[in-house]
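Let me begin by presenting the structure, written as structure tokens, before commenting on it.
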Amino acid sequence: MEKRDIYYTAHDGLKLYAAEYGPHDSNLTVLCMHGLTRNHKDFEPMIRGLELPARYISVDVRGRGRSDRDPSGETYAPPVYVQDMAALIAHLKLDNLILIGTSMGGLMAMLMAKAFPDKIKSIVINDVGPEVNPAGLKRIAGYAGGNETFDNLDDAATAIGRTQASVYPDYNTDDWLEFAKRTCTVRDDGKIIFDYDPVIVRGMGSTKPSWRVNFAMWRIYSALKAIPLLIVRGETSDILTEKTANRMLKRHKGSRLLTVPGRGHTPFLNEPESLHAIRKFISTTLK
């Protein structure tokens, strides 16, 4: 699968990265935004599996992957990330976008729908909602310190498997190795590290409103009412509860809900059920 590099400059001067896949001249552009500790490679299995003639742009949010780290550590917040997406959209002159946002990326999609709805054709929100279950945040905070180092990818894969086994119960050794390849990088001294700035998870275990999505997010979610929406939820997710997902479905009459069996937080979107639902959803919204 061919990947083309995109670099652009944020409002505060950081150099940010996105990867482009598929035909550059396609009239279908899908903007993919990853979760808290992930990067653009998170969507490669989904892109391969969808087999749609689309132009995919998958970002490295600031502080992750090939995007610059913020020296101050003060700008790691969804409103700033949305400013960065606005800069990318302006840089590439994008319009009629389909947004696919996983976890943090889903929150970004909601904010983008409020900020510039005229740019957005439809949205897929993966395993997140206006209310985030604090139990899930505490679980993630327990392993997402970001300071771990490993001698090799196999060791990294083993460590990831220990913390994520309940999320992907059917994964085998090869699956965990592929997971590690997508989420880790090699440091100058040859050690393997997670490919994000450890500062991004600072305060995650807190129950303060900065990490727990508050009532204002339900008002922002209301801005999506005119935009076709597919909600994806992992069957055993501890971030997007079944109650919140059903409330989202009820409040957005044009939404659909897919529950992915055997997945926690978050589905990778390359599951057969996910691929079928996303492919159908995109095809329907294009009519």
Side-chain angles (χ1 to χ4, degrees), residues 1-22 24 29-47 55-94 97 99-112 115-116 119 126 128 140 144-149 156 160 179-188 191-204 210-211 266 268-269:
M1 183 169 60
E2 181 188 2
K3 176 163 65 175
R4 299 176 295 277
D5 297 335
I6 297 170
Y7 288 97
Y8 63 105
T9 304
H11 68 282
D12 56 359
L14 290 191
K15 187 177 183 181
L16 305 180
Y17 176 83
E20 182 182 33
Y21 310 83
H24 179 79
T29 301
V30 181
L31 179 60
C32 305
M33 299 171 291
H34 59 74
L36 181 71
T37 62
R38 306 289 181 83
N39 58 67
H40 75 275
K41 289 180 281 188
D42 232 30
F43 291 97
E44 290 181 344
M46 179 202 75
I47 292 169
R55 177 191 187 190
Y56 297 93
I57 298 169
S58 188
V59 303
D60 279 349
V61 175
R62 62 173 56 209
R64 290 87 166 170
R66 295 165 68 176
S67 286
D68 282 351
R69 277 49 175 161
D70 173 19
S72 73
E74 298 298 322
T75 64
Y76 294 138
V80 179
Y81 304 153
V82 170
Q83 284 183 276
D84 294 341
M85 295 304 97
L88 175 63
I89 288 168
H91 175 70
L92 296 177
K93 299 180 174 60
L94 300 176
L97 287 165
L99 305 183
I100 300 182
T102 290
S103 194
M104 179 190 76
L107 299 180
M108 291 165 59
M110 283 188 257
L111 293 171
M112 290 165 70
F116 34 88
K119 297 285 187 183
N126 183 19
V128 75
I140 295 170
N147 291 306
E148 298 88 345
T149 62
I160 292 169
F179 196 133
K181 288 176 180 178
R182 290 194 296 269
T183 54
C184 296
T185 190
V186 182
R187 204 167 61 184
D188 290 342
K191 293 287 187 179
I192 304 296
I193 58 172
F194 289 113
D195 202 5
Y196 61 85
D197 185 345
V199 176
I200 66 172
V201 299
R202 187 170 59 193
M204 251 204 92
S210 60
W211 276 106
T266 61
F268 257 119
L269 303 183

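Quick caveat, the model's predicted, so the values are computed rather than measured.
- Closest approach of Ser103 and Gly35 over heavy atoms only: CB-CA, 4.2 Å.
- Of the possible donor and acceptor atoms, one in the side chain of His34 sits under 3.5 Å from a partner among the backbone N and O of Val61.
- Judged by distance alone, the side chain of Arg38 and the main-chain N or O of Met33 form no donor-acceptor pair under 3.5 Å.
- The distance from atom CE of Met108 to atom OG1 of Thr102, rounded to the nearest 0.5 Å, is 11.0 Å.
- Taking each heavy atom of Ile200 and Leu36 in turn, the nearest pair found is CD1-O, 3.1 Å.
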Q. Given the rule in the side-chain contact (heavy atoms from CB on, under 4.5 Å) test, do Val186 and Ile192 qualify, once you have shown the distances and angles that lead to the verdict?
A. CA-CA 5 Å; Val186 182; Ile192 304 296; 3.7 Å; yes
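- A donor and an acceptor atom, one from each side chain of Asp60 and His40, are located under 3.5 Å apart.
- Taking the side chain as every heavy atom from C-beta outward, Tyr196 and Asn39 never approach each other to under 4.5 Å.
- Considering every non-hydrogen atom in both Cys184 and Lys41, the closest pair reads O-NZ, 4.2 Å.
- Here the closest non-hydrogen pair linking Thr75 and Tyr81 is O-CE2, 3.9 Å.
- Side-chain contact between Ile100 and Val30: present, with at least one pair of heavy atoms (C-beta onward) separated by less than 4.5 Å.
- A donor-acceptor contact closer than 3.5 angstrom links the side chains of Asp5 and Tyr17.
- Looking at heavy atoms from C-beta onward, Thr37 lies in side-chain contact with Val201 at the 4.5 angstrom threshold.
- The aromatic rings of Phe179 and Phe268 sit perpendicular, their planes meeting at an angle over 60°, well past the 30° parallel limit.
- Taking CE of Met85 as the start and OH of Tyr8 as the end, the distance is 3.5 Å to the nearest 0.5 Å.
- The OG1 atom of Thr183 lies 8.5 Å from the CG atom of Asp195; values are rounded to the nearest 0.5 Å.
- Inter-residue side-chain proximity for Leu14 and Pro71 is flagged as met; some heavy-atom pair is nearer than 4.5 Å.
- In this structure, the side chain of Tyr76 engages the main chain of Asp70 through a donor-acceptor pair within 3.5 Å.
- In this structure, Arg55 CZ and Leu94 CG are separated by 5.5 Å, a value rounded to the nearest 0.5 Å.
- Note: Leu31 CG to Met112 CE = 5.0 Å, rounded to the nearest 0.5 Å.
- Closest approach of His91 to Tyr7, counting heavy atoms only: NE2-O, 3.5 Å.
- Within the 4.5 Å cutoff, side-chain heavy atoms of Phe194 are placed close to those of Ile160.
- Considering only heavy atoms from C-beta on, Ile6 comes within 4.5 Å of Leu88 through its side chain.
- A distance-only check finds a donor-acceptor pair linking the side chain of Arg69 to the backbone of Ser67 [under 3.5 Å].
- Contacts classified as salt bridge (charged side-chain N to carboxylate O under 4.0 Å, His left out) and involving residues 82-93 (residues at least two apart or in different chains) are given here: Arg62-Asp84.
- Between Leu92 and Ile57 there is a side-chain heavy-atom pair separated by less than 4.5 Å.
- Ser58 OG to Glu44 CD: the interatomic distance, rounded to the nearest 0.5 Å, is 7.5 Å.
- Other residues, nucleotides and ligands contribute only 12 or fewer heavy atoms inside 6.0 Å of the NZ atom of Lys15.
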